[in-house]
2 protein chains.
Amino acid sequence: MAQKNKLKYIILGLLGEHDLTGYDIAKAFTADIGEFWNANHSQIYPLLKRLETAGLITHQLQLSGEKLEKKVYSLTAAGQAQLSDWLHEPTTELTASKDEFVLKLYFVQNADDPMLQPMLTEQLRLHQAKLAHLQKQMTRKFSAVASKTDNYGHFLILQHAIEREQGYSDWLAQTLAQKTLRAAAARNHL
Amino acid sequence: MAQKNKLKYIILGLLGEHDLTGYDIAKAFTADIGEFWNANHSQIYPLLKRLETAGLITHQLQLSGEKLEKKVYSLTAAGQAQLSDWLHEPTTELTASKDEFVLKLYFVQNADDPMLQPMLTEQLRLHQAKLAHLQKQMTRKFSAVASKTDNYGHFLILQHAIEREQGYSDWLAQTLAQKTLRAAAARNHL
DNA sequence: ATTCCCATGTAACTTGTTACATGATTAA
DNA sequence: TTAATCATGTAACAAGTTACATGGGAAT
(Lines give C-alpha, C1' and ligand atoms only; values in the text may rest on other atoms or scores of the structure.)
Protein backbone atom coordinates (compact mmCIF):
# COMPACT_ATOMS: atom_id res chain seq x y z
CA MET A 1 0.00 0.00 0.00
CA ALA A 2 2.56 2.52 1.06
CA GLN A 3 0.14 4.49 3.17
CA LYS A 4 1.94 6.48 5.79
CA ASN A 5 3.22 3.86 8.19
CA LYS A 6 0.17 3.13 10.29
CA LEU A 7 1.74 -0.06 11.54
CA LYS A 8 4.32 2.04 13.33
CA TYR A 9 1.60 3.68 15.41
CA ILE A 10 -0.15 0.40 16.09
CA ILE A 11 3.08 -0.92 17.54
CA LEU A 12 3.62 2.22 19.57
CA GLY A 13 0.01 2.09 20.72
CA LEU A 14 0.23 -1.53 21.82
CA LEU A 15 3.48 -0.88 23.65
CA GLY A 16 1.78 2.08 25.33
CA GLU A 17 -0.47 -0.43 27.09
CA HIS A 18 2.01 -3.16 27.98
CA ASP A 19 5.55 -4.22 27.23
CA LEU A 20 5.40 -6.83 24.50
CA THR A 21 7.51 -9.11 22.34
CA GLY A 22 7.33 -9.04 18.56
CA TYR A 23 5.47 -12.31 18.79
CA ASP A 24 2.86 -10.77 21.09
CA ILE A 25 2.39 -7.90 18.69
CA ALA A 26 1.89 -10.27 15.78
CA LYS A 27 -0.72 -12.12 17.82
CA ALA A 28 -2.65 -8.92 18.48
CA PHE A 29 -3.63 -8.90 14.81
CA THR A 30 -5.39 -12.19 15.17
CA ALA A 31 -7.46 -10.63 17.97
CA ASP A 32 -9.40 -7.33 18.10
CA ILE A 33 -7.06 -5.25 15.96
CA GLY A 34 -7.44 -7.83 13.23
CA GLU A 35 -10.87 -6.31 12.62
CA PHE A 36 -9.23 -3.16 11.34
CA TRP A 37 -5.67 -3.98 10.36
CA ASN A 38 -3.44 -6.87 9.40
CA ALA A 39 0.28 -7.43 9.74
CA ASN A 40 2.55 -10.46 9.66
CA HIS A 41 5.57 -11.08 11.82
CA SER A 42 7.79 -10.67 8.75
CA GLN A 43 6.71 -7.05 8.65
CA ILE A 44 6.76 -6.52 12.39
CA TYR A 45 10.25 -7.72 13.29
CA PRO A 46 12.13 -5.45 10.87
CA LEU A 47 9.96 -2.50 11.86
CA LEU A 48 10.70 -3.09 15.54
CA LYS A 49 14.39 -2.79 14.75
CA ARG A 50 13.83 0.42 12.83
CA LEU A 51 11.73 1.89 15.63
CA GLU A 52 14.44 1.00 18.13
CA THR A 53 17.12 2.62 15.96
CA ALA A 54 14.91 5.70 15.78
CA GLY A 55 14.80 5.73 19.58
CA LEU A 56 11.04 5.25 19.88
CA ILE A 57 11.23 1.89 21.62
CA THR A 58 13.82 -0.19 23.51
CA HIS A 59 14.01 -3.82 24.42
CA GLN A 60 15.24 -5.99 27.23
CA LEU A 61 16.20 -9.61 26.79
CA GLN A 62 14.24 -12.08 28.84
CA LEU A 63 14.85 -15.78 29.14
CA SER A 64 12.04 -18.24 28.68
CA GLY A 65 13.32 -21.51 30.13
CA GLU A 66 17.02 -22.14 29.69
CA LYS A 67 17.95 -20.83 26.27
CA LEU A 68 15.04 -19.09 24.53
CA GLU A 69 15.59 -15.37 24.42
CA LYS A 70 12.65 -13.03 24.14
CA LYS A 71 12.98 -9.37 23.25
CA VAL A 72 10.53 -7.51 25.41
CA TYR A 73 9.96 -4.10 23.89
CA SER A 74 8.82 -1.00 25.69
CA LEU A 75 7.99 2.56 24.72
CA THR A 76 10.49 5.37 25.25
CA ALA A 77 9.49 8.95 26.03
CA ALA A 78 10.09 9.85 22.38
CA GLY A 79 7.85 6.99 21.31
CA GLN A 80 5.15 8.06 23.72
CA ALA A 81 5.33 11.58 22.29
CA GLN A 82 4.93 10.39 18.70
CA LEU A 83 2.04 8.15 19.68
CA SER A 84 0.32 11.05 21.37
CA ASP A 85 0.92 13.28 18.34
CA TRP A 86 -0.66 10.72 16.07
CA LEU A 87 -3.65 10.25 18.35
CA HIS A 88 -4.23 13.98 18.54
CA GLU A 89 -3.83 14.85 14.89
CA PRO A 90 -7.11 14.89 12.95
CA THR A 91 -8.05 11.86 10.87
CA THR A 92 -9.53 13.13 7.64
CA GLU A 93 -8.95 10.34 5.12
CA LEU A 94 -11.82 7.91 4.78
CA THR A 95 -10.05 4.94 3.22
CA ALA A 96 -11.78 2.86 0.56
CA SER A 97 -12.70 -0.51 1.97
CA LYS A 98 -11.28 -2.87 -0.71
CA ASP A 99 -14.08 -5.39 -0.55
CA GLU A 100 -13.62 -8.01 -3.26
CA PHE A 101 -17.18 -9.23 -3.17
CA VAL A 102 -18.60 -5.76 -3.71
CA LEU A 103 -16.16 -5.35 -6.56
CA LYS A 104 -17.57 -8.44 -8.22
CA LEU A 105 -21.08 -7.23 -7.69
CA TYR A 106 -20.19 -4.04 -9.48
CA PHE A 107 -19.62 -6.03 -12.63
CA VAL A 108 -22.87 -7.93 -12.47
CA GLN A 109 -24.89 -5.92 -14.95
CA ASN A 110 -28.19 -7.70 -14.86
CA ALA A 111 -30.41 -8.09 -11.78
CA ASP A 112 -31.51 -11.52 -13.04
CA ASP A 113 -28.02 -12.89 -13.48
CA PRO A 114 -28.23 -16.49 -12.24
CA MET A 115 -24.97 -16.30 -10.32
CA LEU A 116 -26.26 -13.49 -8.16
CA GLN A 117 -28.20 -15.68 -5.78
CA PRO A 118 -25.42 -18.14 -4.89
CA MET A 119 -22.99 -15.24 -4.51
CA LEU A 120 -25.27 -13.36 -2.15
CA THR A 121 -26.14 -16.48 -0.18
CA GLU A 122 -22.52 -17.39 0.37
CA GLN A 123 -21.60 -13.89 1.49
CA LEU A 124 -24.54 -13.83 3.84
CA ARG A 125 -23.30 -17.05 5.41
CA LEU A 126 -19.77 -15.63 5.78
CA HIS A 127 -20.87 -12.36 7.32
CA GLN A 128 -23.33 -14.04 9.67
CA ALA A 129 -20.56 -16.34 10.84
CA LYS A 130 -18.31 -13.36 11.44
CA LEU A 131 -21.10 -11.58 13.27
CA ALA A 132 -21.62 -14.58 15.53
CA HIS A 133 -17.91 -14.71 16.25
CA LEU A 134 -17.80 -11.02 17.12
CA GLN A 135 -20.83 -11.29 19.38
CA LYS A 136 -19.15 -14.13 21.22
CA GLN A 137 -16.05 -11.99 21.66
CA MET A 138 -18.21 -9.21 23.02
CA THR A 139 -19.84 -11.35 25.70
CA ARG A 140 -16.54 -12.97 26.56
CA LYS A 141 -14.73 -9.68 27.10
CA PHE A 142 -17.34 -7.16 28.11
CA SER A 143 -20.11 -8.98 29.93
CA ALA A 144 -19.14 -7.14 33.12
CA VAL A 145 -20.48 -3.58 33.08
CA ALA A 146 -17.36 -2.06 34.63
CA SER A 147 -15.01 -3.23 31.88
CA LYS A 148 -16.86 -1.15 29.27
CA THR A 149 -15.40 2.07 30.55
CA ASP A 150 -12.09 0.43 31.35
CA ASN A 151 -10.94 -0.76 27.97
CA TYR A 152 -13.23 1.66 26.23
CA GLY A 153 -11.46 1.70 22.87
CA HIS A 154 -11.59 -2.09 22.74
CA PHE A 155 -15.26 -2.04 23.51
CA LEU A 156 -16.07 0.61 20.92
CA ILE A 157 -14.34 -1.05 18.01
CA LEU A 158 -15.91 -4.39 18.81
CA GLN A 159 -19.28 -2.72 18.93
CA HIS A 160 -18.55 -0.99 15.64
CA ALA A 161 -17.43 -4.23 13.98
CA ILE A 162 -20.62 -5.94 15.17
CA GLU A 163 -22.84 -3.20 13.82
CA ARG A 164 -20.93 -3.21 10.55
CA GLU A 165 -21.41 -6.95 10.09
CA GLN A 166 -25.03 -6.64 11.11
CA GLY A 167 -25.56 -3.95 8.49
CA TYR A 168 -23.71 -5.94 5.86
CA SER A 169 -25.81 -9.02 6.56
CA ASP A 170 -29.01 -6.99 6.49
CA TRP A 171 -28.10 -5.55 3.12
CA LEU A 172 -27.38 -9.01 1.70
CA ALA A 173 -30.57 -10.50 3.13
CA GLN A 174 -32.64 -7.62 1.84
CA THR A 175 -31.11 -7.92 -1.63
CA LEU A 176 -31.84 -11.63 -1.65
CA ALA A 177 -35.42 -11.00 -0.56
CA GLN A 178 -35.97 -8.48 -3.34
CA LYS A 179 -34.58 -10.96 -5.84
CA THR A 180 -37.19 -13.49 -4.74
CA LEU A 181 -39.94 -10.88 -5.06
CA ARG A 182 -38.85 -9.95 -8.56
CA ALA A 183 -38.72 -13.59 -9.58
CA ALA A 184 -42.29 -14.13 -8.33
CA ALA A 185 -43.50 -11.03 -10.14
CA ALA A 186 -41.87 -12.26 -13.34
CA ARG A 187 -43.72 -15.60 -13.04
CA ASN A 188 -47.04 -13.84 -12.62
CA HIS A 189 -46.50 -11.91 -15.82
CA LEU A 190 -46.09 -15.05 -17.93
CA MET B 1 -0.38 -4.71 -0.29
CA ALA B 2 0.43 -7.46 -2.69
CA GLN B 3 -3.03 -8.97 -2.57
CA LYS B 4 -3.67 -11.03 -5.62
CA ASN B 5 -3.98 -8.47 -8.39
CA LYS B 6 -7.53 -7.30 -7.95
CA LEU B 7 -6.81 -4.26 -10.08
CA LYS B 8 -6.38 -6.58 -13.03
CA TYR B 9 -9.97 -7.76 -12.69
CA ILE B 10 -11.28 -4.26 -12.19
CA ILE B 11 -9.70 -3.29 -15.49
CA LEU B 12 -11.05 -6.37 -17.22
CA GLY B 13 -14.46 -5.72 -15.69
CA LEU B 14 -14.57 -2.12 -16.82
CA LEU B 15 -13.46 -3.08 -20.33
CA GLY B 16 -16.20 -5.71 -20.31
CA GLU B 17 -18.71 -2.86 -20.24
CA HIS B 18 -17.12 -0.40 -22.67
CA ASP B 19 -13.88 0.16 -24.52
CA LEU B 20 -11.85 2.63 -22.48
CA THR B 21 -8.57 4.51 -22.38
CA GLY B 22 -6.21 4.29 -19.44
CA TYR B 23 -7.31 7.77 -18.52
CA ASP B 24 -10.95 6.69 -18.44
CA ILE B 25 -10.08 3.77 -16.20
CA ALA B 26 -8.21 6.04 -13.81
CA LYS B 27 -11.26 8.31 -13.71
CA ALA B 28 -13.53 5.42 -12.76
CA PHE B 29 -11.84 5.33 -9.36
CA THR B 30 -12.98 8.83 -8.59
CA ALA B 31 -16.57 7.66 -9.26
CA ASP B 32 -18.48 4.63 -7.90
CA ILE B 33 -15.60 2.18 -7.78
CA GLY B 34 -13.75 4.67 -5.61
CA GLU B 35 -16.07 3.57 -2.81
CA PHE B 36 -14.40 0.18 -2.79
CA TRP B 37 -11.02 0.50 -4.46
CA ASN B 38 -8.37 3.03 -5.35
CA ALA B 39 -5.77 3.13 -8.10
CA ASN B 40 -3.65 5.83 -9.66
CA HIS B 41 -2.77 6.19 -13.31
CA SER B 42 0.84 5.35 -12.48
CA GLN B 43 -0.34 1.89 -11.52
CA ILE B 44 -2.86 1.54 -14.31
CA TYR B 45 -0.74 2.33 -17.38
CA PRO B 46 1.98 -0.27 -16.69
CA LEU B 47 -0.66 -2.88 -15.87
CA LEU B 48 -2.48 -2.20 -19.15
CA LYS B 49 0.73 -3.00 -20.98
CA ARG B 50 1.18 -6.20 -19.03
CA LEU B 51 -2.41 -7.26 -19.67
CA GLU B 52 -1.97 -6.61 -23.36
CA THR B 53 1.25 -8.65 -23.46
CA ALA B 54 -0.65 -11.43 -21.71
CA GLY B 55 -3.27 -11.27 -24.47
CA LEU B 56 -6.17 -10.29 -22.22
CA ILE B 57 -6.75 -6.90 -23.80
CA THR B 58 -5.83 -5.06 -27.03
CA HIS B 59 -5.83 -1.45 -28.01
CA GLN B 60 -6.50 0.70 -31.03
CA LEU B 61 -5.02 4.13 -31.51
CA GLN B 62 -7.51 6.94 -31.84
CA LEU B 63 -6.77 10.55 -32.67
CA SER B 64 -8.23 13.32 -30.60
CA GLY B 65 -7.79 16.43 -32.71
CA GLU B 66 -4.70 16.52 -34.89
CA LYS B 67 -1.93 14.94 -32.88
CA LEU B 68 -3.14 13.59 -29.54
CA GLU B 69 -3.17 9.82 -29.60
CA LYS B 70 -5.45 7.85 -27.33
CA LYS B 71 -5.10 4.14 -26.71
CA VAL B 72 -8.56 2.70 -26.61
CA TYR B 73 -8.43 -0.67 -24.94
CA SER B 74 -10.86 -3.52 -25.39
CA LEU B 75 -11.28 -7.00 -23.94
CA THR B 76 -10.15 -10.07 -25.86
CA ALA B 77 -11.86 -13.46 -25.63
CA ALA B 78 -9.10 -14.60 -23.27
CA GLY B 79 -9.67 -11.53 -21.12
CA GLN B 80 -13.40 -12.16 -21.06
CA ALA B 81 -12.76 -15.72 -19.95
CA GLN B 82 -10.52 -14.66 -17.06
CA LEU B 83 -13.01 -12.05 -15.98
CA SER B 84 -15.77 -14.62 -15.96
CA ASP B 85 -13.60 -17.05 -14.00
CA TRP B 86 -12.92 -14.42 -11.38
CA LEU B 87 -16.59 -13.48 -11.10
CA HIS B 88 -17.61 -17.10 -10.68
CA GLU B 89 -15.01 -18.18 -8.20
CA PRO B 90 -16.12 -17.92 -4.56
CA THR B 91 -15.06 -14.91 -2.52
CA THR B 92 -14.18 -16.15 0.92
CA GLU B 93 -11.74 -13.58 2.31
CA LEU B 94 -13.33 -10.84 4.35
CA THR B 95 -10.62 -8.19 4.22
CA ALA B 96 -9.89 -6.03 7.24
CA SER B 97 -11.05 -2.49 6.60
CA LYS B 98 -7.96 -0.46 7.59
CA ASP B 99 -9.81 2.39 9.20
CA GLU B 100 -7.34 4.81 10.80
CA PHE B 101 -9.87 6.46 13.04
CA VAL B 102 -10.99 3.18 14.54
CA LEU B 103 -7.35 2.33 15.06
CA LYS B 104 -6.90 5.49 17.09
CA LEU B 105 -10.01 4.75 19.10
CA TYR B 106 -8.55 1.40 19.99
CA PHE B 107 -5.79 3.15 21.88
CA VAL B 108 -8.07 5.44 23.82
CA GLN B 109 -8.18 3.58 27.11
CA ASN B 110 -10.44 5.76 29.15
CA ALA B 111 -14.07 6.56 28.32
CA ASP B 112 -13.62 10.02 29.82
CA ASP B 113 -10.59 10.94 27.77
CA PRO B 114 -11.12 14.60 26.83
CA MET B 115 -10.02 14.10 23.23
CA LEU B 116 -12.74 11.56 22.60
CA GLN B 117 -15.49 14.08 22.01
CA PRO B 118 -13.73 16.23 19.39
CA MET B 119 -12.53 13.08 17.62
CA LEU B 120 -16.01 11.61 17.46
CA THR B 121 -17.58 14.89 16.43
CA GLU B 122 -15.16 15.37 13.57
CA GLN B 123 -15.65 11.84 12.28
CA LEU B 124 -19.40 12.25 12.48
CA ARG B 125 -19.13 15.35 10.35
CA LEU B 126 -16.94 13.55 7.79
CA HIS B 127 -19.19 10.52 7.53
CA GLN B 128 -22.33 12.57 7.33
CA ALA B 129 -20.80 14.59 4.50
CA LYS B 130 -19.90 11.38 2.71
CA LEU B 131 -23.38 10.05 3.27
CA ALA B 132 -24.92 13.18 1.79
CA HIS B 133 -22.63 12.89 -1.22
CA LEU B 134 -23.59 9.26 -1.78
CA GLN B 135 -27.28 10.01 -1.47
CA LYS B 136 -26.92 12.72 -4.08
CA GLN B 137 -25.19 10.23 -6.38
CA MET B 138 -28.02 7.81 -5.84
CA THR B 139 -30.73 10.26 -6.86
CA ARG B 140 -28.67 11.50 -9.74
CA LYS B 141 -28.10 8.05 -11.21
CA PHE B 142 -31.00 5.90 -10.11
CA SER B 143 -34.03 8.10 -9.73
CA ALA B 144 -35.65 6.32 -12.66
CA VAL B 145 -37.05 2.95 -11.57
CA ALA B 146 -35.97 1.13 -14.73
CA SER B 147 -32.28 1.89 -14.29
CA LYS B 148 -32.15 -0.05 -11.03
CA THR B 149 -32.31 -3.38 -12.78
CA ASP B 150 -30.20 -2.12 -15.65
CA ASN B 151 -26.96 -1.22 -13.94
CA TYR B 152 -27.81 -3.42 -11.03
CA GLY B 153 -24.28 -3.83 -9.69
CA HIS B 154 -23.83 -0.06 -9.68
CA PHE B 155 -27.04 0.37 -7.81
CA LEU B 156 -26.26 -2.29 -5.23
CA ILE B 157 -22.85 -1.00 -4.28
CA LEU B 158 -24.12 2.55 -3.98
CA GLN B 159 -26.89 1.31 -1.75
CA HIS B 160 -24.38 -0.65 0.30
CA ALA B 161 -22.07 2.34 0.64
CA ILE B 162 -24.99 4.49 1.79
CA GLU B 163 -26.08 1.98 4.40
CA ARG B 164 -22.50 1.59 5.57
CA GLU B 165 -22.08 5.34 6.06
CA GLN B 166 -25.46 5.54 7.73
CA GLY B 167 -24.44 2.82 10.15
CA TYR B 168 -21.09 4.43 10.79
CA SER B 169 -22.73 7.78 11.53
CA ASP B 170 -25.29 6.15 13.80
CA TRP B 171 -22.55 4.46 15.76
CA LEU B 172 -20.66 7.73 16.19
CA ALA B 173 -23.78 9.67 17.17
CA GLN B 174 -24.80 7.00 19.65
CA THR B 175 -21.34 6.95 21.20
CA LEU B 176 -21.41 10.72 21.54
CA ALA B 177 -24.85 10.59 23.15
CA GLN B 178 -23.71 8.02 25.69
CA LYS B 179 -20.73 10.18 26.50
CA THR B 180 -23.07 13.04 27.32
CA LEU B 181 -25.20 10.78 29.49
CA ARG B 182 -22.20 9.55 31.43
CA ALA B 183 -20.98 13.09 31.96
CA ALA B 184 -24.38 14.10 33.38
CA ALA B 185 -24.44 11.07 35.65
CA ALA B 186 -20.98 11.92 36.91
CA ARG B 187 -22.13 15.45 37.77
CA ASN B 188 -25.09 14.10 39.75
CA HIS B 189 -22.80 11.97 41.83
CA LEU B 190 -20.72 14.93 43.00
C1' DA C 1 -2.60 33.88 -22.95
C1' DT C 2 -3.88 31.09 -19.50
C1' DT C 3 -6.23 27.66 -17.06
C1' DC C 4 -8.32 23.32 -16.84
C1' DC C 5 -8.80 18.94 -18.41
C1' DC C 6 -7.26 15.16 -21.51
C1' DA C 7 -3.73 11.81 -22.15
C1' DT C 8 0.41 8.83 -21.29
C1' DG C 9 4.25 7.51 -19.39
C1' DT C 10 8.58 6.49 -15.86
C1' DA C 11 11.34 6.43 -11.37
C1' DA C 12 12.02 5.96 -6.68
C1' DC C 13 10.23 4.42 -2.78
C1' DT C 14 7.22 2.21 0.91
C1' DT C 15 4.19 -1.20 2.32
C1' DG C 16 2.59 -5.74 2.46
C1' DT C 17 2.64 -10.94 1.29
C1' DT C 18 4.52 -15.45 0.84
C1' DA C 19 8.00 -18.42 1.48
C1' DC C 20 12.25 -19.84 3.53
C1' DA C 21 14.81 -20.86 7.79
C1' DT C 22 15.77 -22.08 12.54
C1' DG C 23 15.23 -23.50 17.10
C1' DA C 24 13.07 -23.74 22.15
C1' DT C 25 9.18 -24.82 25.28
C1' DT C 26 5.06 -26.96 26.78
C1' DA C 27 1.45 -30.09 27.20
C1' DA C 28 -0.84 -34.33 25.64
C1' DT D 1 7.72 -38.43 21.44
C1' DT D 2 5.32 -35.63 18.93
C1' DA D 3 2.49 -31.93 17.97
C1' DA D 4 1.27 -27.26 19.01
C1' DT D 5 2.81 -23.03 20.25
C1' DC D 6 6.45 -19.73 21.38
C1' DA D 7 9.98 -16.98 19.35
C1' DT D 8 12.86 -14.49 15.82
C1' DG D 9 14.59 -13.58 11.78
C1' DT D 10 15.60 -12.94 6.18
C1' DA D 11 14.64 -13.00 1.03
C1' DA D 12 12.11 -12.42 -2.95
C1' DC D 13 8.45 -10.46 -4.76
C1' DA D 14 4.00 -7.83 -5.60
C1' DA D 15 1.20 -3.92 -4.84
C1' DG D 16 0.53 0.85 -4.12
C1' DT D 17 2.02 5.92 -3.51
C1' DT D 18 4.26 10.12 -4.67
C1' DA D 19 6.80 12.68 -7.58
C1' DC D 20 8.77 13.63 -11.95
C1' DA D 21 8.01 14.50 -16.88
C1' DT D 22 5.76 15.76 -21.19
C1' DG D 23 2.52 17.53 -24.30
C1' DG D 24 -2.31 18.32 -26.81
C1' DG D 25 -7.18 20.22 -26.76
C1' DA D 26 -10.86 23.24 -25.40
C1' DA D 27 -12.88 27.10 -23.38
C1' DT D 28 -12.58 31.77 -21.25
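If you're wondering where the values come from, they're calculated on a predicted model, not measured in any experiment. Because only heavy atoms are used, hydrogens play no part in the values below, and waters and symmetry mates are left out as well, while side chains stay in.
Across the helix from dA1(C)-dT28(D) to dA28(C)-dT1(D), the helix axis at one end is tilted relative to the axis at the other end by 30° (nearest 10 degrees, each axis from five pairs).
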Margin query: Walk me through whether His41(B) and Tyr23(B) qualify under ring pair (Phe, Tyr, Trp, His ring centres under 6.0 Å).
Written below: CA-CA 7 Å; His41(B) 76 272; Tyr23(B) 188 85; 8.6 Å; no
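Looking at heavy-atom distances under 4.0 Å, Lys6(B) makes no contact with the nucleic acid at all. Here Lys49(A) lies in heavy-atom contact (under 4.0 Å) with sugar-phosphate atoms only.
Residues Leu126(B) and Tyr168(B) are not in side-chain contact: their nearest non-hydrogen atoms beyond the backbone lie 4.5 Å or more apart.
Within residues 18-41 of chain B, the residues having any heavy atom under 4.0 Å from DNA chain D are, by residue number, Trp37(B), Asn40(B).
For Pro46(B), the listed nucleotide lying nearest its side chain is dT10(C); candidates were dA7(D), dT10(C), dT15(C). Comparing dT17(D), dC6(C), dT8(D) by their nearest atom to the side chain of Leu68(B) picks out dC6(C).
Considering only side-chain N and O atoms, Lys98(B) lies under 4.0 angstrom from the phosphate OP1 or OP2 of dG16(C). The side chain of Tyr45(B) places no N or O atom within less than 4.0 Å of a non-bridging phosphate oxygen (OP1 or OP2) of dG9(C). In this structure, Lys71(B) reaches the dG9(C) phosphate: one of its side-chain N or O atoms is under 4.0 Å from OP1 or OP2. Not one side-chain nitrogen or oxygen of Lys67(A) sits closer than 4.0 Å to the OP1 or OP2 atom of dA7(D). Contact annotation: Arg50(A) reaches the phosphate of dT15(C) (side-chain N/O to OP1 or OP2, under 4.0 Å). Between Lys8(B) and the phosphate of dA15(D), there is no side-chain N or O to OP1/OP2 separation shorter than 4.0 Å. For the pair Gln43(A) and dG16(C), the criterion of a side-chain N or O lying under 4.0 Å from OP1 or OP2 is met.
Aromatic ring pairs are classed by plane angle as parallel below 30°, tilted from 30° to 60° and perpendicular above 60°; the pair Trp171(A) and His160(B) is parallel.
For the salt bridge (Lys or Arg N to Asp or Glu O under 4.0 Å) with Asp32(A), the lone residue among Arg140(A), Lys27(A), Lys141(A) that qualifies is Lys141(A).
Gln82(B) and Lys8(B) form a side-chain donor-acceptor contact under 3.5 Å, judged by distance and modelled atom types alone. Trp37(B) and Glu100(A) form no side-chain donor-acceptor contact under 3.5 Å, judged by distance and modelled atom types alone.
Look at CG on Leu47(A): it is 9 Å from P on dG16(C), rounded to the nearest Å. If you measure from atom NZ of Lys4(A) to atom P of dC13(C), you get 15 Å, rounded to the nearest angstrom.
Of the inter-residue distances, the one linking Glu35(B) atom CD with Ile162(B) atom CD1 reads 9.0 Å to the nearest 0.5 angstrom.
When each of Ser64(B) and Leu7(A) is assigned the nucleotide of DNA chain C bearing its nearest heavy atom, the one mapping closer to the 5' terminus is Ser64(B). Along DNA chain C, the nucleotide closest to Glu66(A) and the one closest to Ser42(B) are compared, and the more 5′ of them pairs with Ser42(B).
Few gaps surround CD on Gln135(B); more than 12 heavy atoms of other groups in view lie less than 6.0 Å from it.
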